[in-house]
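So you know, we letter chains A, B, ... as the sequences are listed, proteins then strands, and number each from 1.
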Amino acid sequence: EKGRGKKTKTEANGENGDEDNDEYRWWLEQNRDDSIKWTSLEHHGVLFPPEYEPHGVRMKYNGREIDLEPEAEEVASFFAALLHMDHAKNPVFQENFFRDFQEVLARCKKPTPIKEFAKCDFTPIHEYFERERERKKNLPKEERLALKAEKLAAEEKYSYCMLDGRREKVGNFRVEPPALFRGRGAHPKTGCLKKRVMPEQVTINIGKDATVPPPPAGHQWGGVIHDNTVTWLATWKENINGSVKYVFLAANSSLKGQSDFKKFEKARELKKHIHKIRADYTKDLKDRMMQVRQRATAMYLIDRFALRAGNEKGDDEADTVGCCTLRCEHITLVPPNRVVFDFLGKDSIRYYREVDVDVSVWKNMKIFKKEPKGPNDPLFDRLTTASLNKHLSSLMAGLTAKVFRTFNASLTFQQELGKTPSLATAAEKVLAYNRANREVAVLCNHQRSVPKQHENQMGRMQDKIKAIKYQRWHAKRELIQLTPRIKKTHPTLVEPESDLDDDWCREHETDLVRKEREKAETKITRENEKRLAAKEKPLSKQEESDIRDKADVLAARFKEERKSGKAEMRRNATVEKLEEAISKLTERIIAAKTQMIDRDENKTTSLGTSKINYLDPRITSAWCRKHGVPLEKMFNATLRDKFRWAMDVDGEWEF
DNA sequence: ACATAGACTTGGAAGAATGTTG
DNA sequence: CAACATTCTTCCAAGTCTATGT
C-alpha cells in the first residue's frame, strides 16, 4: 500500500496537454496485492441509447407500402440499415431476423399482412438512411460542430470516474443499443433481435461512500453493489446468448495497465522455464499413457504454432476450434513428418498451414487419428483446456496456454528487431520494424480481408515511383550535358533508369501537360464563375492565355527536348546542385519503394492486434531509443497513452 | 470430476476523423 | 476545397481462464 496515491511529476508532454501533470505512476511501485482492485470508486453510471424515434418511412410488402407501429418500424429499420452488407444476404441471418420481426409484429395492435421474408422490401428505409447520412454530412460546418460539441458535453460526465481519488477514463460507458445480432461466421443465432436494455437489468458497482448515479426517470437499477474485487462499473445480461456485458475502464487506465504489465511479466517469467518445459513435453511425447502423450503433443502445437487453447463450444455457437478441440478432419498427415492444418479458429478465421514437425509428434497424431475415429471425432479425446492448464500451472506458477502466445510473439519480435541494420535510413528502419511486427502477426494468424483499394493502390505507388525516376533521369541528363566526362569518372551516378522506357516517358510527358492544362481550365472556369456572380466582366482572352501559359511552356519544352535530344537545363545549374538533386530524388525513390513493399506484404495481415495485445511495448520503446527512431512513428497517440508504463526503459532493455 | 457463471482479454470490421490530392 | 484514401476509434463478438456449485 505504501506509495499509493503518491504523485510524481511527469515531464511536460505536449500532446497529452491535459491539465493534470500529476500523474500516478503505479509502475514505480512493487508487488502490489491485486485481489483488491480499488478502495474508493465514484462514477456516473451508464449512458442509455436514446428512445426510438419513428421516421415514418414505409417498407413495402408484396409491392404495397405498409404502415408499421414504431416498435415494428424500429426492427424493420435494423434490417434496412444493413441491406448493403453481406449479413442481409445470409439466409440464417434473414431467417432469424424475420422470426423475431414477426414476433414483434404479432404484439402490435393492428394485424399485419407480413408473412414471408421474400416479399419484404426494405429499400425505402435504406434509401432514407442514406439520404439522412448525406444530409448530415452536408450540414453547414458550424452546425455540424455544434452538434458534435453537444454530444460530447452530454457524454462528458460518463467518460471519467474517480478511482482511489484519481480521475480515470471509462471505456464503454454506453449501454449497447438494440440491434440485430451480428454473429460472425456460421453463427446459428446471427440476425436475432438484440433487445433494448432497461435500467432494471443493469447492476451498478460503485464505492460504498459514493453517490449512486440516479437511474433514468421512472426507472430503478437492477441492483447496486460495492464489490471492490472486480474492476467493472456496471453490468447487464444480453438476451441472445445470455452472456454478461460489462462497463470497464479504458485501456489507458491504471487497472488495465497493471494487468497488462502483469501479463508481460508472466510471459518473461516463462523465458526462464521454457527450456525445462520443452524438455518435459518432448519426453512426454513418448509416454506410455495416451493422455500424457496427447497433452505433450498439444503443448508442442501451442508452443510451436501459437495455437489457442481451444475451449469447448456449444451447438448454439459458430463451429470454430482451437488446439484442444481440433478434430481429425482438421489435420492431414503427409509422411514422413508433414502436417497440414486447416480449420476455422477464433472469429471463424481460417488457419491453414503446412509444416514439418518432430517425428514423434507426427507419429502421435497418426495414432490419435486411428480408427475407429472418424473425421468428426476430436483429435485429443483425453484432453481439455482445464487439464492442460492444470498441468501447465504445475510447471510454472500462473502458466496457462495463452501465455505461450504472448511469450512467443514478444520473443520473436525482439529477435527480428535485433536484425535491424544500424546504418539503415529512417524508412528502412520503419520497414524493419513493420516486418518484425508482421512476422508475429503471421505467427498468430492475425488476418484481415484484402482492402478493396489494394490493387489500385499498388498501381498508383508504382506510377509515383516512375514519376520520380523520370525526374531523376532528367537531372542526370543535365549533369551529363554539363560535364560530359562524368560518364567516365562516375558512371554509376548517371546510369539510365531501370524501368523507364521511352513509350512510358512520352506518355508521362503528355500526362503532365494534360494535367497542367486541366488545372488552367478549372482555374479559368472558376474565376469566370466568380466574376459572373460578382457581375464583373469575364476574363479577357489575354488573361486566359496567361493562365494557360504554364502548360504551353511545358509542352514547348518537351517538344524541344524531343527535337534536340537534350534535356533543358535548370537555372543556375552546377555540378554540386545537380548531384544534390539526384541524391534527394534517390532518397525519395527508396522511401517510396520501401513503402510499397511494406504495403504489399501487408495486404492480408493485420498488424494491430499483435501491437495492442501481444508485443511487450518495452521492446518497441527500447528499439526506438537504440535506433534513434521517434516513438511516434511506431505508436500512435492512443498506444503511447496505453503504454505509458513501458516508456521509461533504456535502449538495452530485453524482454 | 464436471458444469456453469462470471470476469476479463483478444479480435476484425465499420464508421469517424484526418490527411492528401487533383 | 471537394473527393478520395488512410488512419484512428469505436463497437461488440468471441475467445481464455477462474471461481463456484454440485
Side-chain angles (χ1 to χ4, degrees), chain A residues 35 37 81-82 84-87 133 136-138 141 144 148 151 171-177 179 181-185 187 189-190 194 203 205 227 229-232 235 237-238 240-251 255-256 259-260 262-263 308-314 317-318 320-325 344-349 384-390 392-393 398-403 405-406 409 441 444-449 451-454 456-457 460-461 464 514-516 518-519 522-523 526 599 605-614 635-639:
Chain A
S35 62
K37 311 290 183 181
L82 40 78
H84 60 288
M85 295 196 275
D86 288 345
H87 287 122
R133 192 145 36 98
K136 277 178 193 153
K137 211 177 77 188
N138 293 329
K141 207 186 321 173
R144 226 168 349 121
K148 207 174 127 188
K151 194 169 160 235
N172 54 328
F173 52 81
R174 241 179 283 273
V175 172
E176 291 176 18
F181 174 68
R182 281 138 91 147
R184 306 204 250 261
H187 198 298
K189 291 186 177 177
T190 192
K194 192 168 78 169
T203 299
N205 187 30
D227 184 353
T229 67
V230 295
T231 68
W232 53 266
T235 184
K237 197 172 258 183
E238 149 271 348
I240 308 271
N241 303 297
S243 66
V244 191
K245 301 278 188 169
Y246 301 92
V247 171
F248 291 117
L249 294 194
L255 283 179
K256 293 283 190 196
S259 61
D260 230 22
K262 254 182 58 188
K263 171 181 78 184
R308 295 188 185 83
N311 283 301
E312 294 288 344
K313 292 188 74 182
E317 297 173 275
T320 63
V321 299
C323 185
C324 294
T325 39
L344 296 184
K346 183 178 180 180
D347 292 302
S348 296
I349 299 288
T384 64
T385 52
S387 66
L388 174 66
N389 280 335
K390 198 176 162 201
L392 292 178
S393 70
L399 184 63
T400 63
K402 84 192 265 281
V403 180
R405 259 168 94 83
T406 315
C444 295
N445 202 38
H446 292 143
Q447 297 188 20
R448 62 169 184 176
S449 35
K452 288 212 161 64
Q453 291 294 328
H454 183 77
N456 267 336
Q457 204 174 32
R460 278 200 315 273
M461 289 175 109
K464 211 169 115 185
R514 187 179 48 77
K515 277 178 190 154
E516 206 55 57
E518 274 169 16
K519 231 159 89 183
T522 14
K523 194 173 171 190
R526 280 234 180 96
R599 188 171 290 271
T605 315
S606 137
L607 301 187
T609 303
S610 47
K611 220 172 187 177
I612 293 169
N613 299 299
Y614 288 103
F635 281 173
N636 65 25
T638 312
L639 245 25

Practice task
Report yes if some heavy atom in the side chain of Lys263(A) is under 4.5 Å from a heavy atom in the side chain of Thr406(A); otherwise report no.
Solution key: yes
Just the table, please: protein N/O against nucleotides 14-21 of chain B N/O, every pair under 3.5 Å.
none

Practice task
Mark yes or no: Lys611(A) above the aromatic ring of Phe635(A), with NZ or CZ under 6.0 Å from the six-membered ring centre and no more than 45 degrees from the axis.
Solution key: no
Handout entry: Phosphate contact (dG12(B) OP1 or OP2) by Ser606(A) side-chain N/O below 4.0 Å
Key = yes
Practice task
Give one of base, sugar-phosphate or nothing for Gly242(A), where a contact means two heavy atoms less than 4.0 Å apart.
Solution key: nothing
Exercise for the section: Ignoring backbone atoms, establish whether Ser243(A) has a side-chain N or O less than 4.0 Å from OP1 or OP2 of dA13(C). Expected result: no
Exercise for the section: Could you check which of dA13(C), dC8(C), dA13(B) has an atom nearest any side-chain atom of Ser449(A)? Expected result: dA13(B)
Exercise for the section: Check whether any side-chain heavy atom of Leu82(A) sits under 4.5 Å from a side-chain heavy atom of Arg182(A), and report yes or no. Expected result: yes
Handout entry: Annotated protein contacts, base or backbone, on nucleotides 15-21 of chain C with a non-hydrogen cut-off under 4.0 Å, one of B, S, - each
Key = SBBS---
Problem - For atom CG of Leu255(A) and atom P of dA7(B), their distance in whole Å - result: 15 Å
Handout entry: Between P of dG6(B) and CZ of Phe248(A), the distance in whole Å
Key = 13 Å
Handout entry: Among dT9(B), dC12(C), dA7(B), the nucleotide that comes nearest once only the side chain of Val230(A) is considered
Key = dA7(B)
Exercise for the section: Considering just the side-chain nitrogens and oxygens of His187(A), establish if one lies under 4.0 Å of OP1 or OP2 belonging to dA13(C). Expected result: no
Practice task
Could you check how far CD of Gln447(A) sits from P of dA13(B), rounded to whole Å?
Solution key: 10 Å
Handout entry: Of Lys245(A) and Leu639(A), the one whose closest DNA chain C nucleotide lies more 5'
Key = Leu639(A)
Completion exercise
Output for pair (Asn205(A) CG, Thr235(A) OG1), nearest 0.5 Å, gives 9.5 Å
Practice task
Indicate the ring-plane relationship of His187(A) and Phe181(A), choosing parallel, tilted or perpendicular according to the 30° and 60° boundaries.
Solution key: perpendicular
Practice task
Quickly work out the Ile612(A) CD1 to dG11(B) P distance and round it to whole Å.
Solution key: 10 Å
Problem - CG/Asp86(A): more than 12 non-hydrogen atoms of other groups inside 6.0 Å - result: no
Handout entry: Reported CZ-to-CD1 distance for the pair Arg184(A) and Ile349(A), which is rounded to 0.5 angstrom
Key = 8.5 Å
Handout entry: Under 4.0 angstrom between Lys263(A) side-chain N/O and dT10(B) OP1 or OP2
Key = yes
Practice task
Check whether any side-chain nitrogen or oxygen of Ser259(A) sits under 4.0 Å from OP1 or OP2 of dT9(B), and answer yes or no.
Solution key: yes
Practice task
Would you mind classifying the nucleic acid contact of Lys237(A) as base, sugar-phosphate or nothing, using non-hydrogen atoms under 4.0 angstrom?
Solution key: sugar-phosphate
Handout entry: For atom CZ of Arg184(A) and atom C1' of dT10(B), their distance in whole Å
Key = 10 Å
Exercise for the section: Write down the distance between CZ (Phe173(A)) and C1' (dC12(C)), rounded to a whole number of angstrom. Expected result: 15 Å
Practice task
Find out whether Glu176(A) and Lys245(A) are in side-chain contact, i.e. whether some heavy atom of one side chain is under 4.5 Å from a heavy atom of the other.
Solution key: yes
Handout entry: side-chain hydrogen bond (donor to acceptor under 3.5 Å, both in side chains) partner of Thr320(A), the single match among Lys313(A), Arg308(A), Lys346(A)
Key = Lys313(A)
Fill in the blank from the handout: Tyr614(A) has its side chain closest, among dG11(B), dT9(B), dG12(B), to dG11(B)
Completion exercise
From CG of Asn613(A) across to C1' of dA14(C) the rounded distance in Å is 13 Å
Practice task
State, with a plain yes or no, whether a side-chain heavy atom of Thr605(A) is found less than 4.5 Å away from one of Gln447(A).
Solution key: no
Exercise for the section: Determine the contact category for Lys194(A): base if any of its heavy atoms lies under 4.0 Å from a base atom, sugar-phosphate if only primed atoms, P, OP1 or OP2 are that close, otherwise nothing. Expected result: sugar-phosphate
Exercise for the section: Could you tell me whether the side chain of Cys444(A) reaches within less than 4.5 Å of the side chain of Arg405(A), counting heavy atoms only? Expected result: yes
Practice task
Round to a whole Å and report the spacing from CG of Asn636(A) to P of dT10(C).
Solution key: 11 Å
Practice task
Side chain of His446(A) only, please: which of dG12(B), dC12(C), dA14(C) is the nearest?
Solution key: dG12(B)
